[in-house]
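Below, chains carry the letters A, B, ... as their sequence lines are ordered, and counting in each starts from 1.
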Amino acid sequence: MKRFATILIIIFLLLPLAAQSEGVSPSPHKSTPSSSGSGSSGGDSSSSSGGRKIVKLDLDDMIGNLEKWKQDDSDKYEYMKKLLYIPFVPPKDYVAPTVLLWYPSGKTNITRNDKLDIYAYVKNDNPIEVRSDVYLWLEAKGPGEENYTTLGESQRVILANEYSEKNNVSIRDWSGITPFADSKKVGNATFRIWFNDMHSTYYTDTMYEKPYHQGDYYSVLDLELVNSPPEAEAESIMVEPARARYNDPIRYEARFVDSDGDQINVTLHLLDGQNKELKNMTQEVPSGSNVTFAAGEYGLFGEGDAGENFSYMYTYGDGLDFNKTETYPGPSLLPSPKIFVSAPDVEAADENRYWWQNYRFSLKVKNSEVSNLKIDLYTCTPSHPNKYQDTKTINVSEEVQNVIFDVQPFDVSDADQSFSYYFKYSATDQNSREEMGGTSDGKINPKIVKYPIYSMVTIANILAVLLAALVGGIVIEKKWYR
Amino acid sequence: MSDLNGTMAAVQTVDASSRLVPDGLSSFIADVSSNGFLGISLFLLLLALGIALHWLNMKRTFERVTATNNGGEVSRDELREEMFIRQGSNFNAAAVTAWMLLVAAFAYFYFLTPEIFSRYNYYHVPDLASGALGFAAFGFVVLILALGAAAFVPKEFYGYYELSRKMKVAIMLAGPMLAISIVLSVQQGTTFPQVELASRIVAFLALFASELALLWPIYAEALGGVR
């Protein structure tokens with residue numbers, strides 16, 4: 001400050017002389033004398049004193065002149081600078097202040113998100129009239145870095161009168177700083193302070209003969225930047241709905257947690273049936289929050305994907321550590337409808353619904369694009385679950401076709417049982433299914449024998465048995481009784 | 001098929017017009033005839049008793065002959081040979097037929113419909129039971145199984161006893177009675193799950209009366225021996 005004031009005084013003394021000798025008015029428009037002796041509006045004014053015109057310049061005029069001189073006559077300007085330069089010599093008994101880093105938390109393993117509280121401990125034992133202002137900056141060197149970097153907004157100033165009277169100490173703080181928030185490496189992290197006391201510039205890591213460390217005070221603060229990798233919460237990983245049409249609102253959801261609180265980069269990898277990656281997309285989410293990938297938003301599926309099965313996996317990382325989940329199945333995209341089916345029905349040959357009767361199963365089918373559409377009929381009873389009955393093949397038609405199966409689907413063991421049936425077809429219907437069925441209204445009649453006792457069939461059966469016994473008796477008698 | 005018993009119970013009717021026996025006795029016989037384990041036990045008991053009594057009869061005869069032989073040694077085989085009586089071809093053929101029919105009638109009565117043994121019956125072979133010749137096929141299988149026993153049992157049971165004419169008639173009538181039992185059992189099958197109780201009782205009585213008739217010579221000899 002003293003230097004600056006001295007320079008200003010000299011310039012003020014020189015400028016009028018220069019203006020007189022060269023006939024230059026630094027601010028001609030403001031140099032008109034005022035009869036009243038008061039200055040015009042602005043900071044400059046002129047007055048007459050003993051026949052000599054005195055031009056007063058304000059700071060802006062002076063800066064303007066200096067810039068002009070520097071531009072117009074740089075040689076003279078440089079010469080003037082030499083003339084004006086007066087090196088500052090500290091007092092003979094001046095001692096540079098002692099500056100240390102004060103790190104009271106003591107935590108040596110830090111993460112990128114840890115808010116650090118680092119302080120400058122400055123002890124200045126010079127008498128107050130000798131002390132100069134001290135400017136301090138905090139510098140850090142991250143893992144793998146060669147040089148220190150001054151932390152932005154880290155300048156601190158201690159004026160001569162800001163030291164404790166008791167011990168000549170002053171403290172400046174850098175609180176809540178996260179200097180390695182964007183670090184891509186872990187490892188050694190070092191802090192130092194560089195400061196200027198208007199005499200010299202010092203670095204705390206080199207100004208002392210050997211590194212100083214006592215208690216929480218350091219000439220160089222060495223910390224270890226560590227990182228915990230993020231983790232996936234397996235139970236949160238899902239795709240909904242797992243079975244859907246290609247244009248349904250399918251959403252992938254997952255949650256990842258980083259114990260350091262780092263932001264997590266989550267990439268969803270969409271895989272095909274052979275686990276080959278088809279697409280990937282990335283989001284950055286805070287730790288512990290759900291990440292959602294909406295298929296519609298990313299255009300994951302198209303009509304051509306209908307009927308395909310997909311799987312997916314996530315890769316995730318916090319910038320330092322990366323990991324991946326296992327591969328999860330889903331979604332299974334339903335095929336696009338090729339046929340329209342309706343009205344499955346069954347009718348027995350008569351209302352008695354005996355097991356030996358024919359039953360007429362029917363299904364209405366509109367098939368306008370599948371040639372040779374196969375339709376299989378299956379019946380289900382407790383005795384014969386999923387029993388295949390017959391197959392019909394129909395061709396393409398714009399008309400609704402009534403497909404009829406007239407079959408005898410049951411045997412005696414199905415008597416007195418309820419039954420259901422279903423048609424299985426070789427294309428996808430309007431419900432994205434490949435089968436449609438129904439349930440019989442009532443049970444199959446419990447009667448188990450088709451023929452009455454007086455029928456020829458029954459009589460023939462009985463006579464055959466009796467005759468066989470008689471023939472057996474005669475043959476045995478002839479063979480073993482004589 | 002497991003539901004058939006329930007249905008059968010619901011639709012079971014008693015032919016009240018067929019009063020072959022008094023109500024109390026009818027009810028008792030109906031209960032016995034419907035009880036599969038009791039019926040089979042009774043059937044086997046009569047057979048086992050016949051075999052045991054036949055063995056006792058032969059033993060007693062052998063001891064008597066030995067006792068009257070003044071200490072002389074008598075060979076069992078020689079004695080059996082001496083004791084053997086030929087009963088005539090017609091009788092033998094009828095007896096063998098009757099024994100075969102006895103086994104067949106027993107099977108038809110207990111194992112034709114699901115009524116008595118719902119889990120073990122002819123209808124659990126649906127391919128066979130669903131066919132037109134199912135009843136006959138079932139009978140043939142049973143006859144084949146009975147063939148071995150029928151070949152030797154009559155020879156053993158009737159070759160060492162004096163059979164009166166009445167006994168022979170009774171044994172020869174067992175065949176027709178068993179045929180009636182089979183017909184009535186088949187009828188039960190054709191009306192199932194409806195049960196005609198009168199037919200069932202008659203079939204049951206015919207079956208057990210025939211069994212008694214076929215074993216009667218042994219029982220009679222044993223009773224005579226006791227006296």
Min side-chain heavy-atom separation [X]-[Y] under 4.5 Å:
X       : Y       : answer
I40(B)  : F111(B) : yes
I182(B) : L101(B) : yes
W480(A) : V96(B)  : no

Top contributor to chain A interface from G175(B), A151(B), A95(B), A137(B) [non-hydrogen pairs under 4.5 Å]: A151(B)
Residue, of A146(B), P154(B), G159(B), A98(B), that accumulates the most heavy atom pairs under 4.5 Å with chain A: P154(B)
Between [X] and chain A, with a heavy-atom cut-off of 4.5 Å, which part of the residue counts as in contact: side chain, backbone, both or neither?
X       : answer
L147(B) : both
F138(B) : neither
L133(B) : both

Most chain B-contacting option - heavy-atom pairs closer than 4.5 Å, from V471(A), D411(A), T381(A): D411(A)
Between L470(A), V457(A), I474(A), T458(A), the one whose heavy-atom pairs under 4.5 Å with chain B are most numerous: L470(A)
From CG (L207(B)) to CZ (F43(B)), nearest 0.5 Å: 5.5 Å
Structural part of I476(A) lying under 4.5 Å from a heavy atom of chain B: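 I476(A) touches chain B through side-chain heavy atoms alone.
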Aromatic ring pairing F410(A)/Y359(A), orientation class (parallel under 30°, perpendicular over 60°, tilted between):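 F410(A) and Y359(A): perpendicular rings.
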With S311(A), the side chain to side chain donor-acceptor pair (under 3.5 Å) member among N275(A), D272(A), T327(A): N275(A)
